[in-house]
Amino acid sequence: MTQVKNDARPDGPTAPVGFFDSGVGGLTVLQAARRILPRENMLYFADSAHCPYGSKSADFVRGRALAVSGFLLERGAKAIVVACNSASEAALEFLRRSLPGLEFVGVEPAVKMAQRLSRNKKIGVLGTSLTLKGGRFSRLLENFSSGMEVYTQPVAGLVERIEAGGFADRRTRSILEKNLRPLLEKGIDTLVLGCTHYPVIKERIAALCGPRIEVIDTGEPVARQLRRRLLATGQLNPGPGPGRIDYFSSGDARAAAPVLRAIMADPELTVSHASA
Ligand code: DGL
């Protein structure tokens with residue numbers, strides 16, 4: 001397993017916040033953080049060479065999470081957002097144990113929010129199989145789903161379509177229709193997007209669900225939690241903003257760049273290749 005030294009971080013609020021995901025999905029969390037924390041400098045690492053995480057073993061994802069966190073730490077990250085449900089499921093506690101003293105913020109499917117929002121108490125959760133069969137997710141359901149019918153649907157192939165920039169094509173639509181059908185048949189009124197890639201196409205998912213179903217994700221709550229943690233540890237960047245964002249990919253950075261540009265709506269955005 002990768003050895004990571006926890007001593008590269010220069011103290012101080014101007015240090016960047018690191019974000020990582022198996023690919024472009026964590027950008028949906030970074031976007032929410034950017035709205036709430038516009039003065040923060042940010043590093044984004046897309047582990048594209050090892051995408052997807054959700055169909056791999058928890059051990060493999062833990063190894064990747066530690067290696068990528070090491071990369072972000074070497075670049076001076078003062079905190080790391082594990083902007084991926086699969087990696088949070090498999091590796092969040094392991095990262096906290098492995099790198100004590102570094103602030104980690106994770107994500108989880110928005111079951112708590114769904115419990116508040118659902119009127120008929122029938123909710124659906126879309127996610128990767130790694131997330132949906134994990135212990136963290138089971139505990140989340142044990143603690144926050146009493147009185148609710150929760151229908152989970154592991155989705156195969158959608159992350160790869162989003163990585164390829166196929167946000168609106170026929171193959172993406174047919175994956176969505178196939179995976180939404182069983183949930184819609186159960187009469188859910190709230191759909192949780194339990195993978196950070198899915199909010200990239202949230203409007204399309206909502207259109208397929210129809211107006212009676214609320215589609216939710218955790219970008220905003222995670223960004224607010226990051227803000228609380230930075231405030232509590234005296235690490236909030238006082239500015240002046242806006243902070244800069246540097247993007248890295250472990251895969252083919254030239255191929256990844258157009259997809260990142262499309263999601264961030266920034267035609268000038270550049271992506272550097274980095275190994276971790
Ligand atoms: N965006 C990720 C998640 O939230 C990763 C999906 C994958 O790589 O399979 O689970």
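First listed ligand is number 1; within each ligand, the first listed atom is number 1. Computed from a predicted model, the values in this text were never measured in an experiment. These numbers come from the heavy atoms of this one structure, side chains and all, not from hydrogens, waters or symmetry mates.
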Tell me the side chain to side chain donor-acceptor pair (under 3.5 Å) pairs involving residues 253-274, sequence neighbours left out?
none

Checking S145 now: which residues fulfil side-chain hydrogen bond (donor to acceptor under 3.5 Å, both in side chains) with it, not counting sequence neighbours?
none

Partner set under side-chain hydrogen bond (donor to acceptor under 3.5 Å, both in side chains) for T28, not counting sequence neighbours
none

Should the pair E40-K78 be classified as a salt bridge under the 4.0 Å nitrogen-to-oxygen rule?
yes

Indicate yes or no: does R136 engage E93 in a salt bridge with an N to O separation below 4.0 Å.
yes

For the residue pair F248 and F45, does the interplanar ring angle fall in the parallel (under 30°), tilted (30 to 60°) or perpendicular (over 60°) class?
parallel

Show me, by chain and number, every protein residue that has a heavy-atom distance under 4.0 Å to ligand 1.
D21, S22, P52, Y53, G54, C84, N85, S86, T128, V159, C195, T196, H197

